[in-house]
Amino acid sequence: MIVSWNTTNKCNLKCSHCYRNSGRKLEGELDTLEAKLLIDQIVKAGFKIMIFSGGEPLMREDIFELVNYASQSGLRPVLGSNGTLISMHTAERLKQSGIAAVGISLDSLDSKKHDNFRGYNGAFEDTVSAMKNCKKAGIRFQVHTTVMEWNKDEIMDITDFAVSIGAAAHHIFFMIPTGRANNMEDELLNTKEYDILLKSIMKKQQQVHIELKPTCAPQFVPIAENMGMNIRFKRGCLAGIKYCIISPKGDVQSCAYLTDIAGNVRRTPFNEIWKNSRLFNVLRTEIYTGKCGICKHKKICGGCRARASYYSNGNYMESDGLCKI
């Protein structure tokens with residue numbers, strides 16, 4: 001099971017698609033002691049992987065201490081970063097703290113396009129440097145790419161770049177218009193483009209040795225099955241089932257793009273929210289409506305619950321309208 005904690009809303013970039021609308025630190029973000037208590041509760045709930053994300057997690061002064069605490073607690077700590085702050089010194093500190101892997105965002109091989117999307121001149125250069133620094137420090141790293149209409153034809157090339165620079169994986173994110181991206185719906189892929197790209201990614205997986213994983217695109221699992229592929233991912237949408245996310249102020253959600261709140265860790269221990277939340281328990285029933293409810297791939301796909309909610313007036317058990325299966 002995987003939990004992601006948005007450690008802070010503070011960020012040095014101004015990415016166009018940020019679901020947290022990150023930039024400034026929020027009043028009331030969890031402090032160091034609260035964060036350690038949260039880590040204890042995450043362990044108690046049975047989670048194995050903890051993602052430290054943001055905002056930009058490296059803007060938290062105690063991030064190395066918290067990563068080390070998670071590692072010493074038996075979790076596999078992972079960092080989700082824009083990469084611009086990972087100097088060689090920072091990479092070495094991350095290694096010493098016990099970080100297991102780092103996910104670094106790269107959205108285009110055209111430096112101007114990447115910098116524009118990330119809202120920072122020089123982001124591309126700093127991001128590529130971060131990957132090289134992680135490799136030198138002996139840290140497993142992976143490339144994260146958010147798919148938009150303007151970069152959809154670059155995805156396979158970015159995979160090739162990820163292979164060439166020594167990444168262990170390329171995770172490809174399909175955005176839902178929330179947060180700062182709430183006016184970007186016209187930049188998303190349509191159903192045909194989505195289906196074509198997912199099939200292309202799975203074909204590419206057969207050609208490269210690194211892991212390729214579409215995220216917020218659960219149809220990739222039945223597509224891989226139909227292609228006779230043996231992948232390690234056994235279910236598409238994990239929201240509320242084997243995954244959840246925690247905001248900087250302690251609100252627990254089933255995923256980044258599904259904005260319903262399951263509870264807050266300041267009021268209720270995380271392990272109790274994970275076990276007892278109505279939101280999570282409804283998601284776990286897998287009693288979907290529409291075509292998701294009768295689909296033969298329901299158990300291995302599940303449809304994107306965030307996309308279902310966004311396009312169905314908040315009904316997260318409705319069908320995933322982008323599906324072509």
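Every residue two or more places apart in sequence or in another chain that forms a side-chain hydrogen bond (donor to acceptor under 3.5 Å, both in side chains) with Tyr194 is listed here: Gln219, Arg307. Applying the ring pair (Phe, Tyr, Trp, His ring centres under 6.0 Å) rule to His171 yields the partners His144; only residues at least two apart in sequence or on another chain are considered. Residues satisfying the side chain to side chain contact (heavy atoms under 4.5 Å, CB included) test with Met227, not counting sequence neighbours, are Met202, Lys203, Gln206, Ile223, Met229. Listed by chain and residue number, Glu65 satisfy the salt bridge (Lys or Arg N to Asp or Glu O under 4.0 Å) test with Lys36 (two or more places apart in sequence, or in another chain). Annotation: ring pair (Phe, Tyr, Trp, His ring centres under 6.0 Å) contacts of Phe270 (sequence neighbours excluded): Phe47.
The hydrophobic cluster containing Leu197 also contains Phe233, counting ILVMFWY residues as joined when their side-chain heavy atoms lie under 4.5 angstrom apart, directly or transitively.
Atom CZ of Arg266 sits in a crowded spot, with more than 12 heavy atoms from other residues, nucleotides or ligands closer than 6.0 Å.
If you look at His170 and Phe161, their ring centroids are not closer than 6.0 Å.
No side-chain donor-acceptor contact under 3.5 Å links Asp320 to the backbone of Gly303. No donor-acceptor pair closer than 3.5 Å links the side chain of Glu318 to the backbone N or O of Asn315. Ser81 contributes a side-chain N or O that, together with a main-chain N or O of Gly83, makes up a donor-acceptor pair within less than 3.5 Å. Using modelled atom types, one side-chain atom of Asn68 and one backbone atom of Ser97 make a donor-acceptor pair closer than 3.5 Å. Formation of a donor-acceptor pair under 3.5 Å by the Thr127 side chain with backbone atoms of Ala123 is found in this model. The backbone N or O of Ser53 lies less than 3.5 Å from a partner atom in the side chain of Thr7, making a donor-acceptor pair. Side-chain atoms of Asp115 come within 3.5 Å of backbone atoms of Phe124 as a donor-acceptor pair (strictly under, hydrogens ignored). Not one N or O on the side chain of Ser129 forms a donor-acceptor pair closer than 3.5 Å with the backbone of Ser87. The main-chain N or O of Ser277 is found under 3.5 Å from a side-chain atom of Asn281 such that the two form a donor-acceptor pair.
Between Arg305 and the choices Cys216, Cys255, Cys292, the side chain to side chain contact (heavy atoms under 4.5 Å, CB included) rule is met once, by Cys292. Here the options are Leu58, Leu85, Ile63, Asn133, the test is side chain to side chain contact (heavy atoms under 4.5 Å, CB included), and the partner is Thr90; only Leu58 passes.
Pairs of residues two or more places apart, or lying in two chains, never qualify as ring pair (Phe, Tyr, Trp, His ring centres under 6.0 Å) while including a residue from residues 60-113. Applying the salt bridge (charged side-chain N to carboxylate O under 4.0 Å, His left out) definition to pairs two or more places apart or across chains, those involving residues 151-170 are Glu149-Lys152, Lys152-Glu193, Asp160-Lys204. Each salt bridge (charged side-chain N to carboxylate O under 4.0 Å, His left out) pair with one or both residues in residues 46-64, not counting sequence neighbours, appears once here: Arg60-Asp62. Residue pairs meeting the salt bridge (charged side-chain N to carboxylate O under 4.0 Å, His left out) criterion with at least one partner in residues 274-287, sequence neighbours excluded, are Arg235-Glu286, Glu286-Lys299. For residues 252-264, there are no salt bridge (charged side-chain N to carboxylate O under 4.0 Å, His left out) pairs, not counting sequence neighbours. Pairs engaging residues 297-325 under the ring pair (Phe, Tyr, Trp, His ring centres under 6.0 Å) rule: none recorded [sequence neighbours left out].
Looking at heavy atoms from C-beta onward, Val252 lies out of side-chain contact with Ile261 at the 4.5 angstrom threshold. Within the 4.5 Å cutoff, the side chain of Phe174 has no heavy atoms near those of the Thr215 side chain. Using a 4.5 Å heavy-atom threshold, the side chains of Leu30 and Val265 count as touching. Lys135 places none of its side-chain heavy atoms less than 4.5 Å from the side chain of Ile165.
Taking 4.0 Å as the cut-off between side-chain N and carboxylate O, Arg118 and Asp107 count as a salt-bridged pair. For Asp195 and Lys199, the salt-bridge test passes: some basic side-chain N is under 4.0 Å from an acidic carboxylate O.
Taking the ring axis of Phe220 as reference, the NZ or CZ atom of Lys213 does not stay both within 45° of it and closer than 6.0 Å to the ring centre.
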Acceptor/donor pairs from residues 240-248 side chains to any protein atom, 3.5 angstrom cut, sequence neighbours excluded:
from, atom 1, to, atom 2, distance (Å)
Ser247, OG, Lys249, N, 3.3
Ser247, OG, Gly250, N, 3.3
Ser247, OG, Asp251, N, 3.0

